[in-house]
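Worksheet: the structure to be examined is printed underneath.
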2 protein chains.
Amino acid sequence: MSNNTDKPARGRPRTLQREHVLKIAVESYWTDGLTGVSIEEICRRAGVSKPGVYREFGNEDGLKQAALERYQSTILAPLADILTDDLPFEQALRKLTDFVLLDRKAHGLPAGCLQVTTCRSKQTLGKRTRESAHKFSDQTLMGLEQWIDRAKSKGQFAVEIPTRTAALYVDAQIATAMELQQQGVTQKELERVFKLALTVFFEKRRPILDQIFSEFV
Amino acid sequence: MSNNTDKPARGRPRTLQREHVLKIAVESYWTDGLTGVSIEEICRRAGVSKPGVYREFGNEDGLKQAALERYQSTILAPLADILTDDLPFEQALRKLTDFVLLDRKAHGLPAGCLQVTTCRSKQTLGKRTRESAHKFSDQTLMGLEQWIDRAKSKGQFAVEIPTRTAALYVDAQIATAMELQQQGVTQKELERVFKLALTVFFEKRRPILDQIFSEFV
DNA sequence: ACATTAAAATACGTAGCAGTATGAAATTAT
DNA sequence: ATAATTTCATACTGCTACGTATTTTAATGT
């Protein structure tokens, strides 16, 4: 960890900029996948030497975990905020829609979601990276459940739909939208698909919902 | 390609069983991902030598393409059949639901969908594998569109929803369900989420659908 | 000035991978 | 029996990867 604010320390001063490497790492893993780019390649792209990266992040697992965590706390932060802000349900849905439908290509951002691809990866990931991904997944799902429960208690959400089901559904639709965007579906078509998915929450459809969910409980 | 039905040929008789290798390859790529298992590892699992595999499939791209094609024509064939069988829409939906909700773990099948993960892969795939995946994707989407158009013409499908939007939506929901199953969501919860997704096609919801889709066109 | 400390960069060690050269083995043709 | 042919398995080449040993460099302390 950088200690550049304290006393000037003793040995040769550092030149490796942690933030720069981390930024390149997030971008690389986001674009090419966590298993699609090597440390060597990231070093090349960042213009730093390999031992420097190892000194800073320990090993590959450490770098991937740091990159994923940075992605979560920057790119995905708006999403977490929407869930905790306690807005009226329809307003939250609107904000959620804006976030999901953001034209990432036009903003120079990579397509897809690093968090989702990490969770879905079947390949060997380090322990720290895996745990970081799953912890965030669980937190997001909990956030969605609490958000939906609050909406239910305010009469803004169909109580016929089990909370966990709705949370899993919303989570999946968000991931789907990012996936479609990555596949090159037009923004217009993406908007149609996502809004179609959200219609399940809108109209009063007690008869049909009851019919589907009564058999469970 | 095996020529075991003709004359006995000239040289040393083959012992390498193409079908056996292909079966192990499908299973391996399906379980571990197209980039998550090497040819060496597949040879170990199949108990065959590497030059044998190269003689039979050419190169890695050839093996992956053959495995993907076998997966498409066996595992995913029931899906294609449902779309072309021209059943009443609700009956087709029921068959589709049965296919999607099949408990693959209980049947000893790997989780997830090789076709979907191949299309989503950001890593370098061979030309033949990539083309095979995209061709199948396009065909499936076309099949879905024709299926939906037929249902519309029979008055069994809400004409307010653009055909392509509905096709993309169904395709995505199928992929999502397989993804959730792979993530370990219970079969009950999976059923709830998938059936919730399908409710967008059921009840007459002209007002809300018109409101959403009128702004496009 | 000189020792000490810590970070820098080069170069290395080991392992796994895609793909192939090579010689042995098993068959048919003469 | 011997030549020809085809497949087999071992061993090899070249490459890239993760991680580290080693030496050089730039600073501080005495």
Side-chain angles (χ1 to χ4, degrees), chain A residues 1-21 24-25 28-29 32-67 121 123-130, chain B residues 1-21 24-25 28-29 32-67 121 123-130:
Chain A
M1 315 294 161
S2 42
N3 198 15
N4 41 10
T5 50
D6 265 51
K7 334 141 197 176
R10 190 85 191 287
R12 178 172 173 172
R14 338 194 108 199
T15 58
L16 185 139
Q17 297 183 41
R18 193 179 208 272
E19 284 305 305
H20 173 63
V21 175
I24 299 283
S28 295
Y29 288 136
D32 302 323
L34 272 178
T35 57
V37 62
S38 67
I39 288 198
E40 301 227 353
E41 179 60 25
I42 289 176
C43 287
R44 272 190 291 273
R45 294 180 188 178
V48 300
S49 72
K50 219 166 16 152
V53 170
Y54 277 87
R55 211 178 317 112
E56 195 64 35
F57 298 97
N59 56 16
E60 194 175 31
D61 189 26
L63 178 60
K64 287 183 177 177
Q65 195 267 341
S121 171
Q123 327 212 7
T124 334
L125 291 179
K127 197 183 165 196
R128 294 174 62 191
T129 308
R130 209 166 351 100
Chain B
M1 313 300 160
S2 43
N3 197 14
N4 41 10
T5 51
D6 263 53
K7 334 142 200 177
R10 190 86 190 285
R12 175 172 174 172
R14 343 194 103 198
T15 58
L16 185 139
Q17 297 184 39
R18 193 178 207 273
E19 285 304 306
H20 173 63
V21 175
I24 299 282
S28 295
Y29 288 136
D32 302 324
L34 272 179
T35 56
V37 62
S38 67
I39 288 199
E40 299 226 352
E41 179 60 25
I42 288 176
C43 288
R44 272 191 290 272
R45 293 181 189 178
V48 300
S49 74
K50 219 166 18 154
V53 169
Y54 276 88
R55 210 178 318 113
E56 196 64 36
F57 298 96
N59 56 18
E60 193 175 31
D61 190 24
L63 178 60
K64 287 182 177 177
Q65 195 267 342
S121 171
Q123 328 212 6
T124 334
L125 292 179
K127 197 184 166 197
R128 295 173 61 193
T129 307
R130 209 170 347 103

TODO: Starting at atom CD of A:E56, determine the distance to atom C1' of D:dC18, rounded to an integer number of angstrom.
DONE: 18 Å

Open item on the list: Checking contacts here: which listed nucleotide (C:dA29, D:dT28, C:dT20) is nearest the side-chain heavy atoms of B:R10?
Closed with: C:dA29

Open item on the list: Please determine whether a side-chain nitrogen or oxygen atom of B:S38 lies at a distance below 4.0 Å from atom OP1 or OP2 of C:dG16.
Closed with: no

Task: Value rounded to 0.5 Å, distance of CD in B:E41 from OG in B:S28 - done: 7.0 Å

- [ ] Send over the distance from A:F57 CZ to D:dT20 P, rounded to a whole Å.
- [x] 16 Å

Open item on the list: For the CG atom of B:D61 and the OG1 atom of B:T124, what is their distance to the nearest 0.5 Å?
Closed with: 11.5 Å

TODO: Could you state the atom-to-atom distance from CD of A:Q17 to C1' of C:dA7 in whole Å?
DONE: 15 Å

- [ ] Tell me which nucleotide among C:dA26, C:dA8, D:dG19 gets nearest to the side chain of A:Y54.
- [x] D:dG19

Task: Those residues of residues 39-47 of chain A lying under 4.0 Å from DNA chain D by at least one heavy atom - done: A:I39, A:E40, A:R44

Open item on the list: Working note: B:F57 + B:R18, criterion side-chain contact (heavy atoms from CB on, under 4.5 Å); need CA distance, chi angles, decisive distance, verdict.
Closed with: CA-CA 9 Å; B:F57 298 96; B:R18 193 178 207 273; 3.6 Å; yes

- [ ] When you get a sec, tell me which of C:dT5, D:dG19, C:dA7 is the closest nucleotide to the side chain of A:R12?
- [x] C:dA7

Open item on the list: Applying a 4.0 Å non-hydrogen cut-off, can you work out what B:S49 is touching in the nucleic acid: base, sugar-phosphate, or nothing?
Closed with: base

Task: Bending between helix ends of the helix from C:dA1-D:dT30 to C:dT30-D:dA1 [5 pairs per end, 10° resolution] - done: 20°

Open item on the list: Nearest whole Å is fine: how far is D:dA17 P from A:D61 CG?
Closed with: 19 Å

TODO: Give a yes/no on whether any side-chain N or O of A:R14 is located under 4.0 angstrom from OP1 or OP2 of C:dA7.
DONE: yes

TODO: Among the candidates D:dA4, D:dT20, C:dG19, find the nucleotide nearest to the side-chain atoms of B:N59.
DONE: C:dG19

TODO: Drop me the distance from A:I24's CD1 to A:Q17's CD, to the nearest 0.5 angstrom.
DONE: 11.0 Å

Task: Distance, nearest 0.5 Å, that separates NZ of B:K64 from CG of B:N59 - done: 10.0 Å

- [ ] Please tell me which of the listed nucleotides, D:dC18, C:dA8, D:dT28, lies nearest to the side chain of A:K50?
- [x] D:dC18

Task: Spacing of A:S121 atom OG and A:R130 atom CZ [to the nearest 0.5 Å] - done: 10.0 Å

Open item on the list: Distance check needed: D:dT5 C1' versus B:R55 CZ, whole Å only.
Closed with: 13 Å

Task: Minimum-distance nucleotide to B:E60 side chain [options: D:dC8, C:dT10, C:dA18] - done: C:dA18

Task: side-chain contact (heavy atoms from CB on, under 4.5 Å) between A:E56 and A:V21, worked out - done: CA-CA 10 Å; A:E56 195 64 35; A:V21 175; over 6 Å; no

Open item on the list: Within this structure, what is the CZ-CZ distance for the pair A:R14 and A:R55, rounded to the nearest 0.5 Å?
Closed with: 6.5 Å

- [ ] Would you name the heavy atoms of A:C43 and A:V53 that are closest together and state the gap between them?
- [x] SG-CG2, 3.7 Å

